[in-house]
Amino acid sequence: RPAAIAASSNKCINADVYRAASFATLSTLCNKRRLCRRSTLKMKKCWANTLGDCSDKISREHIVSKSLFTGDKVSVHGFPWCKEEPVEVGISAITSKILCEDHNGRLSELDAAASHAFKVLREVERLSQVRRKLKKRYWRVAKYKIDGTLLERWFLKTTINICYRKDFLLDPNNNELGIPSQDIVQIAFGMAKFSNGRGLYNASYVGQDIYTSEAVSMQPIYRDSDNLLIGAFFFFFGFSFYLSILPDPFTGDEKREFGL
């Protein structure tokens, strides 16, 4: 209604100009709606879409952080295409379109924390090997720092990466397989914390022999009765960890499934 607009702005608006302006506004709205539909389509592929703030482009997420490894190739075992025998592939090959660009970028600090932890353990092993060859003495204590909170979130992110849209329930209140609950997504992004005994545990014992290796392996633990994922065992540079995702205690019907 041109007259109403002219009255509110105290300016005379030509009807033809107004129709052109209206068309431009309508065109802009249509473009925004098309963009929104495209964004929603891609957002469904992002495992963090329950946060409600996906960007409009999907990205390739490394299933396990690329920065952990020093070479261009890795030996992979446990995926559907390499269950029987390990396969050597380029590090860029173990990626999947499971996060939008924004959420992928926001988790980069976890990749950096895991990479730092790997480097620390690598340096500890190197120093240990050097000192074993030298005459015994009172050694200066070498101290290293690892951010446990970020590393815990990295283990959770990696678990979701591997189990996303696989044959497990990741949410006790959702029957759709492989879809993580909003609770664990928020924890992965640092918006909430583990509680009720959940979280990352050292799975080794006093006196255990630890054989370090430039490798990461993961084995999901799920309840046989309903395929609900309750946690995952990790070997991280040879060190054992257990990530407890659900507060439920072990009941005896848990099984280990495929691993990386």
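For the numbers below, each heavy atom of this structure counts, side chains included, while hydrogens, waters and symmetry mates do not.
- Side-chain atoms of Gln186 do not come within 3.5 Å of backbone N or O of Asp183 as any donor-acceptor pair.
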*Given side-chain contact (heavy atoms from CB on, under 4.5 Å), test Glu88 with Val74 step by step and report yes or no.*
CA-CA 6 Å; Glu88 189 176 81; Val74 291; over 6 Å; no
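- No side-chain heavy atom of Lys45 sits under 4.5 Å from any side-chain heavy atom of Ser96.
- Asp147 and Arg153 are not joined by a salt bridge, as no carboxylate oxygen comes within less than 4.0 angstrom of a charged side-chain nitrogen.
- More than 12 heavy-atom neighbours from other residues, nucleotides or ligands sit within 6.0 angstrom of CZ on Phe194.
- Shortest non-hydrogen contact noted between Ser59 and Glu101 is CB-CG, 3.8 Å.
- Screening Phe155, Phe241, Tyr242 for a ring-ring contact (aromatic ring centres under 6.0 Å, His included) with Phe234, the sole residue that qualifies is Phe155.
- Between His116 and Ile146, the shortest heavy-atom distance links the atoms CD2-CA, 4.4 Å.
- Only one option out of Leu170, Ile187, Ile245 pairs with Pro180 in a side-chain contact (heavy atoms from CB on, under 4.5 Å); it is Leu170.
- A pairwise comparison of heavy atoms in Ile210 and Gly238 identifies CG2-O, 3.5 Å as the closest pair.
- A salt bridge links Arg126 to Glu123: at least one charged side-chain nitrogen sits closer than 4.0 Å to a carboxylate oxygen.
- Between the CG atom of Leu51 and the SG atom of Cys100 there is a distance of 9.0 Å, given to the nearest 0.5 Å.
- The closest side-chain heavy-atom distance from Glu214 to Phe118 is below 4.5 Å.
- One hydrophobic cluster holds both Met191 and Leu200 under the rule that ILVMFWY side chains link at heavy-atom gaps under 4.5 Å.
- For the pair Ser244/Tyr201, a side-chain contact is recorded, criterion being any heavy-atom separation below 4.5 Å from C-beta on.
- Annotation: the span from Gln182 atom CD to Asn174 atom CG amounts to 11.5 Å, rounded to 0.5 Å.
- Note that CZ of Arg60 is 11.5 Å distant from CG of Asn104, once rounded to the nearest 0.5 Å.
- The CZ atom of Phe237 lies 13.0 Å from the OG atom of Ser217; values are rounded to the nearest 0.5 Å.
- The heavy-atom pair separating Leu107 from Ala188 by the smallest distance is CD2-O, 3.6 Å.
- Listed by first and then second residue, the ring-ring contact (aromatic ring centres under 6.0 Å, His included) pairs that reach into residues 132-152 come to none, sequence neighbours excluded.
- Between the CG atom in Leu177 and the CG atom in Leu228 there is a gap of 11.0 Å [rounded to 0.5 Å].
- In plain terms, the two heavy atoms of His103 and Cys54 that are nearest each other are CE1-SG, 3.5 Å.
- Residues satisfying the side chain to side chain donor-acceptor pair (under 3.5 Å) test with Arg106, not counting sequence neighbours, are Asp53, Asp102.
- Within the 4.5 Å cutoff, no side-chain heavy atoms of Lys157 are placed close to those of Ile160.
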Can you give the donor-acceptor pairs under 3.5 Å from side chains of residues 63-73 to other protein atoms, not counting sequence neighbours?
{"residue": "Ser65", "atom": "OG", "partner": "Asp111", "partner atom": "OD1", "Å": "2.5"}
{"residue": "Ser65", "atom": "OG", "partner": "Trp154", "partner atom": "NE1", "Å": "2.7"}

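- Leu121 has its side chain out of reach of Thr212: every pair of non-hydrogen atoms, C-beta onward, lies at least 4.5 Å apart.
- Taking all atoms of both residues into account, the shortest heavy-atom contact from Leu229 to Pro220 is CD1-CB, 3.5 Å.
- Expressed to the nearest 0.5 Å, how far CD1 of Ile162 lies from CZ of Phe168 amounts to 10.5 Å.
- For Glu152 and Lys193, the salt-bridge test fails: no basic side-chain N is under 4.0 Å from an acidic carboxylate O.
- In the hydrophobic cluster analysis, where Ile, Leu, Val, Met, Phe, Trp and Tyr join through side-chain heavy atoms closer than 4.5 angstrom, Val216 is grouped together with Val120.
- Val76 and Phe235 fall into different hydrophobic clusters, where Ile, Leu, Val, Met, Phe, Trp and Tyr residues are linked whenever their side-chain heavy atoms come under 4.5 Å apart, directly or through other members.
- The backbone N or O of Glu61 lies less than 3.5 Å from no partner atom in the side chain of Asn161, so there is not a single donor-acceptor pair.
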